[in-house]
Number of protein chains: 2
Amino acid sequence: MQSLLRNFKVVIHESLYLKDPETSDLGKNIVGESILLIDEIGFEKFTFKKLGSRIGSNESSIYRYFENKHKLLLYLTSWYWAWMEYKLVFRTANLNDTQEVLRTAIEVLSEETKQDSDFSHVNEKILNAIIISEFSKSYLTKEVDKENKEGCFSIYKRLVGRFENIIQNAQPNYPYVESLASMVIEGVLHQHYLKQHFPSLTSCDETTMPHEFFTHLVFSTLNLSTHE
Amino acid sequence: MQSLLRNFKVVIHESLYLKDPETSDLGKNIVGESILLIDEIGFEKFTFKKLGSRIGSNESSIYRYFENKHKLLLYLTSWYWAWMEYKLVFRTANLNDTQEVLRTAIEVLSEETKQDSDFSHVNEKILNAIIISEFSKSYLTKEVDKENKEGCFSIYKRLVGRFENIIQNAQPNYPYVESLASMVIEGVLHQHYLKQHFPSLTSCDETTMPHEFFTHLVFSTLNLSTHE
DNA sequence: GCAATAATAATAGTAATACTATTAATTGTA
DNA sequence: TACAATTAATAGTATTACTATTATTATTGC
C-alpha cells in the first residue's frame, strides 16, 4: 500500500484555493505545517500570520494560495476525505462477500490513523486528529449552502455515497441508508473525541475500539449476524 | 405542561456567568436576544457590540454578565440541555414499560421544537435551531478539558447519563450503552442539520422523521422489537 | 426623603485579527 | 541576459475582543 500511496495525488476542487499548493514547495509547506499548527493551537487561534512566521514565510504569501483560513480548512478536510475514500476503495476492492465489504468499510472508517504513512508533505496521523476536532467547523457556518453549491463538500459527499452503496448491497431492504451512512461517518469522529475528552460519555477505551461498537450497531440494525 | 414549565427555573453552573442573567431585565434581555442574533448571523460573526446595539444597551454592560461570547454559548447550551432533561423526565415519568420509556425518550430527544412554549424570555424553537448548528463549537475547543473540570458540561453529561439508564433498563445486556446514548443525542442534531443543508446525506425529509430512523436503530441494536 | 450602593451607560483605549495594496527582491526559463 | 512569475517586506485598514475609567441612573436601607 505504501508504494501505491506514493502515486496517489489528491484532486481538490479548485474553488478551495487561489493557487494550487501542490505546485510549489511553499504551497506544500503551507499545507504540511498548517496541519501541525492547527493541531497545536486549535483552529480558532490559528492565523496566517502565525503560520507565516512558523514556515519562515510571509503572511501575504499564504493569502496567494488560500483566500482565508476557512478555505484552508476546507482544503485540508477535502484532502482527508479523499485519502479516506482511497483507503476505503482499496481495502474493499477484492472482497466478494457484501458483508465482508461492509465489515471492512466500517473498520477503515473508524480505525485510528496509527502512523504517518509518510508519502507526502501531509502527516495523516495529525490530520486525522484535526479532523476529529475541527471538521464540524468546516460546514457549521452561515456560508454552507453557498459553498455546498460550489462543490466544496463534494469529496465528502462522494465518500458518504460510497458507504451508502456498501450498506445497501449488504442489506437491500434497509430503508434509512443515507442516515445510517452519514451518522456512522460523523459518529466515528465524535466517539474518538469523547474518548479523549469525555471518557464517561463513551464505551470506547483502551480495550474497546469504536469499530466494535459501530460494527455491532450496523450489523444488528441491518439484521445481519456479525459472526462473532 | 405549559403551566408546569412556567415554574421551571433552569439552574446553570455559576462559572458560566459573572452575574446571573436571570436576576435582571437586562440579563434576561441579553439571553433572549443573543439567541435570536446568533441564529441570524451565526456564532462566528456574533459580537457583544452587535448584541449591545440590538438591545439598546452597551457592549461593556454585557461583559458584566458574561466573560466572553464563548461562555455565553456555554450558558445557552446548558440552558437547552437542562430544558431537554426536564422534558425527558416529565414525559417518561408515569410509564411503566421500559421499552415504552425508551421509545418516548427517543421521541423527546429527536423531535423538532415546534413552537415557542413562551414561558420565559427564551424562544425554545430558535434555541433549538442554534443548538443544531452551534452546539459542537461549545466543546470543540482547546479549553475543553479545563472547562469540563470546572463543570461547564455537567448538565449535558447528566442528560446523557439519564438516557444511558433508560437504554440499560430496556436491555440490561447491551455492552455499549454510553456510546449509543451519546451517539443518538449528537446524531439527532446532525441529522437535523443534514436535512436542512445536505438533504442527499440523510433519509429524513418531510415524510420521514429523524425519530423513526433512531427508533429503528436503537431497538434493533438492542434486539428489541419495535411493535410496528 | 436622602444617602449609600449597585447597576448601567458612555467613552476611550489596546492588542490582535483578518485582511488589502504596493513595492522590492528573488528565482526560473526562453 | 532579460523578462515573467513568484515571493517577501512593509504598510495600512476596519473590526474584534476585550479592559479601564468615569458618569449617570436605579434601588434599597434607614
Side-chain angles (χ1 to χ4, degrees), chain A residues 14-34 37-38 40-76 121 134 137-138 140-143 146-147, chain B residues 14-34 37-38 40-76 121 134 137-138 140-143 146-147:
Chain A
E14 55 176 29
S15 74
L16 295 183
Y17 51 77
L18 298 170
K19 179 185 163 147
D20 186 353
E22 292 289 324
T23 61
S24 76
D25 283 346
L26 178 62
K28 286 176 191 168
N29 226 249
I30 289 169
V31 171
E33 288 292 323
S34 68
L37 187 54
I38 291 172
E40 278 172 35
I41 63 176
F43 187 66
E44 282 76 25
K45 296 201 186 81
F46 169 87
T47 70
F48 280 2
K49 194 166 195 171
K50 288 174 188 167
L51 178 60
S53 77
R54 189 183 169 112
I55 62 176
S57 188
N58 202 273
E59 192 191 1
S60 47
S61 303
I62 302 168
Y63 276 105
R64 309 189 113 249
Y65 285 85
F66 296 100
E67 218 179 311
N68 50 51
K69 69 174 184 172
H70 174 248
K71 284 285 169 72
L72 172 59
L73 180 62
L74 284 173
Y75 181 91
L76 296 177
H121 49 289
E134 317 292 355
K137 298 170 192 169
S138 74
L140 293 175
T141 68
K142 282 285 167 187
E143 294 76 34
K146 190 180 137 279
E147 290 175 347
Chain B
E14 56 176 29
S15 74
L16 295 183
Y17 51 77
L18 298 170
K19 179 185 161 144
D20 187 353
E22 293 290 325
T23 60
S24 76
D25 283 347
L26 178 61
K28 286 177 193 167
N29 226 247
I30 289 170
V31 170
E33 288 292 323
S34 67
L37 187 54
I38 291 173
E40 277 172 35
I41 64 178
F43 187 65
E44 283 75 26
K45 296 202 184 82
F46 169 87
T47 68
F48 280 2
K49 194 166 195 169
K50 288 174 188 166
L51 178 61
S53 78
R54 189 183 169 114
I55 61 177
S57 186
N58 203 272
E59 193 190 3
S60 46
S61 303
I62 301 168
Y63 277 106
R64 311 190 109 249
Y65 285 86
F66 296 101
E67 215 179 314
N68 49 52
K69 70 174 183 171
H70 174 249
K71 284 285 169 70
L72 171 59
L73 180 62
L74 283 174
Y75 181 91
L76 296 177
H121 48 291
E134 317 292 354
K137 298 170 193 170
S138 75
L140 292 175
T141 68
K142 283 284 167 187
E143 294 76 35
K146 188 179 139 282
E147 289 175 351

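In the text below, chain A, chain B and the rest are named by the order of the sequence lines, each starting its count at 1. Since the structure is predicted, the reported quantities are computational estimates derived from the model, not experimental observations.
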Side chain to side chain contact (heavy atoms under 4.5 Å, CB included) between B:I38 and B:L76: does it pass, once the steps are laid out? CA-CA 11 Å; B:I38 291 173; B:L76 296 177; 3.9 Å; yes
Just the atom pairs and distances: protein N or O near nucleotides 16-20 of chain C's N or O, under 3.5 Å.
| residue | atom | partner | partner atom | Å |
| --- | --- | --- | --- | --- |
| C:dT17 | OP1 | A:K50 | NZ | 3.4 |
| C:dC19 | O5' | A:Y63 | OH | 3.2 |
| C:dC19 | N4 | A:E59 | OE1 | 3.3 |
| C:dC19 | N4 | A:E59 | OE2 | 3.3 |

Indicate the ring-plane relationship of B:F46 and B:F43, choosing parallel, tilted or perpendicular according to the 30° and 60° boundaries. parallel
Those residues at least two apart in sequence (or on a different chain) that pass salt bridge (Lys or Arg N to Asp or Glu O under 4.0 Å) with B:E134 are B:K137
Expressed as a whole number of angstroms, how long is the span from B:L18:CG to D:dA20:P? 13 Å
With sequence neighbours excluded, residues passing salt bridge (Lys or Arg N to Asp or Glu O under 4.0 Å) with A:K49: none
B:L51 CG to D:dA17 C1', straight-line distance once rounded to whole Å: 14 Å
Nearest 0.5 Å, what's the CG-CZ distance between B:L73 and B:F66? 10.5 Å
Using whole Å, report how far CD1 of B:I55 lies from C1' of C:dT8. 11 Å
Please set out all donor-acceptor pairs under 3.5 angstrom arising from side-chain atoms of residues 22-33 of chain A, sequence neighbours excluded.
| residue | atom | partner | partner atom | Å |
| --- | --- | --- | --- | --- |
| A:E22 | OE2 | A:H121 | NE2 | 3.2 |
| A:T23 | OG1 | A:D20 | O | 2.6 |
| A:S24 | OG | A:G27 | N | 2.9 |
| A:S24 | OG | A:Y65 | OH | 2.5 |
| A:E33 | OE1 | A:R54 | NE | 2.8 |

Report, one pair per line, the protein and nucleotides 3-7 of chain D atoms (nitrogen or oxygen only) whose separation is under 3.5 Å.
| residue | atom | partner | partner atom | Å |
| --- | --- | --- | --- | --- |
| D:dT7 | OP1 | A:Y65 | OH | 3.1 |
| D:dT7 | OP2 | A:K19 | NZ | 3.4 |
| D:dT7 | OP2 | A:Y65 | OH | 2.8 |

Enumerate the residue pairs fulfilling salt bridge (Lys or Arg N to Asp or Glu O under 4.0 Å) with a member in residues 57-70 of chain B, sequence neighbours excluded, ordered by first and then second residue. B:E67-B:K71
Treating A:K50 as the side-chain partner and A:K45 as the backbone partner, does any N or O pair qualify as donor plus acceptor under 3.5 Å? yes
Starting at CD1 of A:I62 and ending at C1' of D:dA9, how long is that distance when rounded to a whole Å? 14 Å
Value in whole Å for how far the C1' atom of C:dA9 lies from CG of B:N58: 5 Å
